[in-house]
Visitor: 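One structure follows; several queries about it will come next.
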Amino acid sequence: MNEETHARRKLLDRIREDRLVTRRDYLRMLVTVSGGLLAGTAAVASGIFRRHGDGPAPAKKVADAVAPGESFTFSYPGEDDPAIGVRLADGSLVAYSSVCTHLACAVLWIKDSGNLECPCHDGVFDVGSGEVLAGPPPRPLPRIRLDERSDGIYATGVTL
Amino acid sequence: MTHRSPIDPREVSRDHPDIAASLNARIGIVAVIIVCQLWALTAALDAWLGGDVGAVWWLLVFQAAAFVSALLLWIASPRS
Ligand code: FES
């Protein structure tokens, strides 16, 4: 067998090995991927991704007094749930999770613009509602319910 | 050592074009199902993080139906 015939034969063998994958095998692989996507969605539904405010949330004092236009930060309901509160010019109080819904940077109160802003990718949230005004965040900020009592400001719950 | 497939897909296409066409169609349909499932997974994650648990369960039902469809397409596919 000369050199060229040997090379041709080796090449043919390689091609035949590739043929081990049949159309039915491709179909089986795709069905496996489909099962994986089902499993991934089941994992999401089972709650493997932590959300702000998961778990019980008893009322917690988060600030004493805040002047109009000023902000304060706190953790609520857990220590791993950073939040930001703002007293608006009209005297009302609002508070939100300070974890940006885009890629989890810290959201800041920008007094000059009157908005909550994320410096990472210029996400802008409406301070009155938490809705996204600009930038890439896909969802509004989870809202922290506040209650102003005689001895200070209390966080009483979370609305996703 | 060289492994040889008992089934040569080229022979299947040549000798049984109906089987080859059926398998090709099934592969195409399952690929479309998978694209829809990818969308459903991202939608479910977004709904979960947004607190819309009802939507997550509906998307899970959709995923299960999509998977069963893909599975049936595979199980019922012709063998050479
Ligand atoms: S992390 Fe906030 S805009 Fe990207």
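Note on naming: letters A, B, ... go to the chains in the order of the sequence lines (proteins, then strands), and numbering restarts at 1 for each one.
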Visitor: Of all the residues in residues 133-150 of chain A, which have a heavy atom that comes within less than 4.5 Å of a heavy atom in chain B?
Guide: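 So far as heavy atoms go, A/P138, A/R139 are the residues that approach chain B to under 4.5 Å.
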
Visitor: Check whether any side-chain N or O of A/R23 sits under 3.5 Å from a backbone N or O of B/R26 as a donor-acceptor pair, and report yes or no.
Guide: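 Side chain of A/R23 to backbone of B/R26, a donor-acceptor pair under 3.5 Å: no, none is there.
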
Visitor: How many angstroms lie between CG in A/L27 and OG in B/S22, if you round to the nearest 0.5 Å?
Guide: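 Nearest 0.5 Å value for the CG-OG distance: 9.0 Å.
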
Visitor: Assigning hydrophobic clusters by single linkage (Ile, Leu, Val, Met, Phe, Trp, Tyr; side-chain heavy-atom cutoff under 4.5 Å), is B/L72 placed with B/V61?
Guide: no

Visitor: Heavy atoms only, distances under 4.5 angstrom: which of A/V31, A/T101, A/T159, A/T32 has the most pairs with chain B? Name it, please.
Guide: A/V31

Visitor: Indicate, with yes or no, if A/L108 and A/V66 share a hydrophobic cluster defined by side-chain heavy-atom contacts under 4.5 Å among Ile, Leu, Val, Met, Phe, Trp and Tyr.
Guide: no

Visitor: At their closest point, which heavy atom of A/T41 faces which heavy atom of B/A44, and how far apart are they?
Guide: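 Heavy atoms only, the tightest pair is CG2-CB, 3.9 Å.
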
Visitor: State whether the number of non-hydrogen atoms from other residues, nucleotides or ligands found under 6.0 Å of A/Y26 atom OH is greater than 12.
Guide: no

Visitor: Are A/V99 and A/W109 in one and the same hydrophobic cluster, where Ile, Leu, Val, Met, Phe, Trp and Tyr link if side-chain heavy atoms are under 4.5 Å apart?
Guide: no

Visitor: Of all of B/V56, B/L59, B/D52, B/I34, which one pairs up most often with chain A through heavy atoms under 4.5 Å apart?
Guide: B/I34

Visitor: Honestly curious: do B/I27 and B/I19 fall in one hydrophobic cluster under the side-chain, below-4.5 Å linking rule?
Guide: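 Yes, B/I27 connects to B/I19 through the hydrophobic network.
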
Visitor: Compare every heavy atom of A/R28 with every heavy atom of B/W74, then report the nearest pair and how far apart it is.
Guide: CZ2-CG, 3.4 Å

Visitor: Counting heavy-atom pairs closer than 4.5 Å to chain A, which one of B/V68, B/L41, B/L38 comes out on top?
Guide: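 Of the candidates given, the most pairs with chain A belong to B/L41.
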
Visitor: Specify the closest pair of heavy atoms between B/L60 and A/A45, including all atoms of both residues, with the distance to one decimal.
Guide: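 Looking at all heavy atoms of both residues, the closest pair is CD2-CB, 4.0 Å.
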
Visitor: How close do A/L160 and B/L49 get, heavy atom to heavy atom, and via which atoms?
Guide: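 What the structure gives for the nearest pair is CD2-O, 4.4 Å.
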
Visitor: Give, for atom CD1 of B/I29 and atom CG of A/L30, the distance between the pair rounded to the nearest 0.5 Å.
Guide: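 Spacing of CD1 (B/I29) from CG (A/L30) equals 12.0 Å.
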
Visitor: For chain A, which candidate among B/I75, B/I33, B/D46 shows the most heavy-atom pairs at distances under 4.5 Å?
Guide: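 Most heavy-atom pairs under 4.5 Å with chain A: B/D46.
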
Visitor: Indicate the atoms forming the closest heavy-atom contact of A/F49 with B/W48, along with that distance.
Guide: O-NE1, 2.8 Å

Visitor: Decide whether A/L93 and A/F74 are clustered together by the hydrophobic rule: side chain heavy atoms of Ile, Leu, Val, Met, Phe, Trp, Tyr closer than 4.5 Å, transitively.
Guide: yes

Visitor: How close do A/R51 and B/G51 get, counting heavy atoms only, and between which atoms?
Guide: NH1-CA, 3.6 Å

